[in-house]
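Note that these values count all heavy atoms, side chains included, but never hydrogens, waters or copies made by symmetry. Just so you know, ligand 1 is whichever comes first in the structure, and atom 1 is the first atom listed for that ligand.
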Amino acid sequence: MKDTFTHQGMRKKLVKILEKKGIEDKNVLSAIGKIPRHLFMDSGFVDHAYVDKAFPIAADQTISQPYTVARQTELLEVKKDDKILEIGTGSGYQAAVLLEMGVRLYTIERQNELFKKTNLFLPKLGYKPKKMIFGDGYIGLVEDAPFDGIIVTAGAPFVPQPLLAQLKVGGRLVIPVGDDIQIMTVFYRKSETEFEKEEFGEFRFVPLLEDKN
Ligand code: SAH
């Protein structure tokens, strides 16, 4: 598990690319500048770690494109110590970005192979979520709700109502909604009963799966 000057130099370039693509949140850019993304990928792909592309990880899943991670994190508007729920732990890269920004993180993964791998890997890099759960993101995490923010990192065919219900008033849900192509959607909870919805363009994600294998 090495992070060399070469990797660090490549990361600086990646941060510049993300800035050019419109990412403005300095805390997001600084987190991406620090995290050794190549260590989250299988060794064969290490050379591709700092281009702005999604890549395959285990269990037919992908590590999201850096721009997508940056944009979703920016839209979540996190502050230090916020209580955040992530749906789709995957490689743990998005989780690392959030932890680097000082949040209290709860994260759910529904594929056991990925859950086990990332559960061991993240703490080795010094990233410690409050809870990593093998479970179904459609139902959220009622026992730890409410959350300041919820981020869904797989394409949701519809908006799971439990996730809206588990937001604090003033909190936000960032979720890509759609089947083949998803619209990045933010739901802002204005009161117990009112939500404001805003859309932020098209993205492509692997699907949020509905039943467990
Ligand atoms: N945040 C991840 C992105 C991984 S891709 C990263 O940074 O690498 C999306 C992940 O969502 C996959 O790991 C997939 O297994 C997981 N997933 C799919 N359906 C899910 C569900 N219903 N509940 C929780 N996780 C789910």
When you look for heavy atoms under 4.0 Å from ligand 1, do you find them on the side chain of [X], its backbone, both, or neither?
X: Val69; result: neither
X: Leu208; result: both
X: Gln61; result: side chain
X: Ala95; result: neither
X: Glu86; result: side chain

### Task
Look at atom 23 (N) of ligand 1 and say which protein heavy atom is nearest, naming residue and atom and giving the distance to 0.1 Å.
Gly137 N, 2.8 Å

[X] neighbourhood, listing ligand 1 atoms whose heavy-atom distance to it stays under 4.0 Å:
X: Thr62; value: 3 (C), 4 (C), 5 (S), 8 (O)
X: Ser91; value: 6 (C), 7 (O), 8 (O)
X: Tyr138; value: 22 (N)

### Tyr50: which of Lys13, His38, Lys12 passes side-chain hydrogen bond (donor to acceptor under 3.5 Å, both in side chains)
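Considering Lys13, His38, Lys12, a side-chain hydrogen bond (donor to acceptor under 3.5 Å, both in side chains) with Tyr50 is found only for His38.
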
### Message
Does the residue Ile57 have a heavy-atom contact with ligand 1, meaning some pair of atoms that are separated by less than 4.0 Å?
### Response
no

### Query
Does a side chain donor of either Thr118 or Glu109 reach within less than 3.5 Å of an acceptor in the other side chain?
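No.
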
